[in-house]
*Asks:* 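Dumping the structure here so I can ask a few things about it.
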Amino acid sequence: MAKEDSNEAAKVLFDFAKDNEALVIKGGYIQNEIYDKAKIEAYSKVPGKKQLIAMLMSTINGPVQKLAATLQAYVDKKSAEGSN
């Protein structure tokens with residue numbers, strides 16, 4: 001049972017099952033749908049909501065940092081030219 005990020009729970013179960021042969025995963029029930037073993041295993045490999053948000057933020061943050069660095073370099077260059 002997981003309140004959010006049910007694929008995180010599936011990841012934990014599959015990781016535990018690798019080390020412990022007593023746990024056999026046969027399927028799962030997620031959001032009113034029954035998943036077989038193959039489908040639940042594929043679901044466990046999908047990034048969670050928090051990971052997806054982090055990926056999105058890093059993708060957005062990269063160009064913004066480059067723009068800020070470029071603008072700062074321009075300001076520094078103009079300041080250096082103005083002081084001469």
Side-chain angles (χ1 to χ4, degrees):
M1 303 282 288
K3 290 185 178 181
E4 35 180 80
D5 284 347
S6 54
N7 65 330
E8 293 294 329
K11 284 180 189 180
V12 170
L13 286 172
F14 273 98
D15 288 344
F16 185 78
K18 286 178 187 175
D19 298 333
N20 299 289
E21 296 175 8
L23 177 62
V24 178
I25 300 171
K26 296 185 177 185
Y29 183 75
I30 300 170
Q31 297 179 352
N32 300 325
E33 188 177 339
I34 296 174
Y35 286 39
D36 63 355
K37 181 182 178 185
K39 196 170 181 181
I40 194 78
E41 188 170 7
Y43 182 72
S44 73
K45 294 177 182 175
V46 174
K49 181 179 179 181
K50 291 178 183 177
Q51 290 173 324
L52 289 172
I53 291 171
M55 284 193 234
L56 176 65
M57 290 298 114
S58 67
T59 302
I60 291 171
N61 196 24
V64 172
Q65 283 182 332
K66 288 180 183 177
L67 175 63
T70 302
L71 292 174
Q72 186 62 46
Y74 180 76
V75 168
D76 292 344
K77 180 180 176 186
K78 288 295 181 183
S79 295
E81 288 174 359
S83 63
N84 287 334

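When reading the values below, keep in mind they use all heavy atoms of this one structure, side chains included, and skip hydrogens, waters and symmetry mates.
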*Asks:* If you take all heavy atoms of K11 and P47, which pair is closest and at what distance?
*Replies:* NZ-CA, 4.0 Å
*Asks:* Tell me if the aromatic rings of Y35 and Y29 count as close, with their centers under 6.0 Å from one another.
*Replies:* no
*Asks:* Looking only at heavy atoms, what is the nearest atom pair of I30 and I40, with distance?
*Replies:*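 Shortest heavy-atom contact: CD1-CD1, 3.2 Å.
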*Asks:* Determine whether a donor-acceptor pair (N or O, by modelled atom type, separation under 3.5 Å) exists between the side chain of E41 and the backbone of A38.
*Replies:*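 Checked: no pair found.
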*Asks:* Under 4.0 Å between a Lys/Arg side-chain N and an Asp/Glu carboxylate O for K39 and E33?
*Replies:*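 Looking at E33 together with K39, the answer is yes, because their closest N to O distance falls below 4.0 Å.
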*Asks:* Got a list of side-chain donor-acceptor pairs under 3.5 Å for residues 61-77, not counting sequence neighbours?
*Replies:*
residue, atom, partner, partner atom, Å
T70, OG1, K66, O, 2.8
Q72, NE2, D76, OD1, 2.9

*Asks:* OG/S44 to CD1/I25 distance, rounded to the nearest 0.5 angstrom?
*Replies:*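 Result: 7.5 Å between the selected atoms.
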*Asks:* Can you get from L52 to M57 by hopping between Ile, Leu, Val, Met, Phe, Trp and Tyr side chains that sit under 4.5 Å apart?
*Replies:*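 They do not share one cluster, since no chain of ILVMFWY contacts under 4.5 Å joins L52 to M57.
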*Asks:* Can you hop from L23 to F14 via hydrophobic side chains spaced under 4.5 Å?
*Replies:* yes
*Asks:* Who passes ring-ring contact (aromatic ring centres under 6.0 Å, His included) against F16, sequence neighbours left out?
*Replies:* none
*Asks:* Between Q51 and E8, is the side chain to side chain contact (heavy atoms under 4.5 Å, CB included) condition met? List the steps.
*Replies:* CA-CA 10 Å; Q51 290 173 324; E8 293 294 329; 3.7 Å; yes
